[in-house]
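Just below is one structure, and these are the notes that go with it.
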Amino acid sequence: MANEHTHTHINENGEVIVHSHKHVHTNTKAVLNRLSRAIGHLESIRRMVEDGRDCSEVLIQLSAVKSAINNTGKVILQDHIEHCIVDAVESGDHEALEELSRAIDRFVK
């Protein structure tokens with residue numbers, strides 16, 4: 001899946017640079033599959049709680065979902081670095097690097 005993004009930024013010399021590039025996400029289907037599995041797993045945990053299952057079992061299953069979501073985030077991050085960030089570095093788009101830094105900060109909290 002590709003989306004074209006246009007960026008405007010000012011380089012160190014004060015020159016205004018406008019460029020666009022396509023962000024290609026090669027793992028979209030794999031990410032959607034991972035998310036669907038995590039959603040299904042979370043729904044089964046909800047049923048466990050509704051059925052009054054043991055708290056320890058519920059916590060173990062919640063841990064598995066949390067791990068699945070974190071791993072999905074890692075796949076997205078790797079794809080983003082390999083495609084979008086490489087392109088941003090090549091074109092001097094420091095804003096994209098700052099956005100990535102903010103996103104990573106939020107993801108790891």
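We number each residue from 1, following the sequence as shown. We use all heavy atoms of the structure for the numbers below, so side chains are in, but hydrogens, waters and symmetry mates are not.
When atom types are taken as modelled, the side chain of Ser67 and the backbone of Ser63 share no donor-acceptor pair closer than 3.5 angstrom. Here the side chain of Asp51 pairs no donor or acceptor atom with the backbone of Arg53 at under 3.5 angstrom.
To the nearest 0.5 Å, the span separating CG on Asp79 from NZ on Lys74 amounts to 16.0 Å. Summarising the geometry, atom CZ belonging to Arg102 is positioned 10.5 Å from atom CG belonging to Leu97; distances are rounded to the nearest 0.5 Å. Interatomic distance, Ile39 CD1 to Leu42 CG, rounded to the nearest 0.5 Å: 8.5 Å. Taking CD of Gln78 as the reference point, atom NE2 of His83 lies at 9.5 Å (rounded to 0.5 Å). Ser101 OG to Glu99 CD: the interatomic distance, rounded to the nearest 0.5 Å, is 11.0 Å.
The nearest pair of heavy atoms linking Ala96 to Asp93 is N-OD1, 3.2 Å. Nearest heavy atom pair, residue Met48 against residue Val58, reads CE-N, 3.9 Å.
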Point to revise | side-chain contact (heavy atoms from CB on, under 4.5 Å) between Leu77 and Ile81, intermediate numbers included | key: CA-CA 6 Å; Leu77 179 59; Ile81 289 170; 3.9 Å; yes
Exercise for review: Just do the side-chain contact (heavy atoms from CB on, under 4.5 Å) check on Leu35 and Ile69 with the steps written out, would you?
Suggested key: CA-CA 7 Å; Leu35 290 173; Ile69 291 169; 5.6 Å; no
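Under the 4.5 Å side-chain heavy-atom criterion for grouping Ile, Leu, Val, Met, Phe, Trp and Tyr, Ile76 is not connected to Val108 through any hydrophobic cluster. Put simply, Ile104 and Ile85 are part of the same group of oily side chains (I, L, V, M, F, W, Y) that touch within less than 4.5 Å, one to the next.
A salt bridge links Glu43 with Arg46: the distance from a Lys NZ or Arg NE/NH1/NH2 to an Asp or Glu carboxylate oxygen falls below 4.0 Å.
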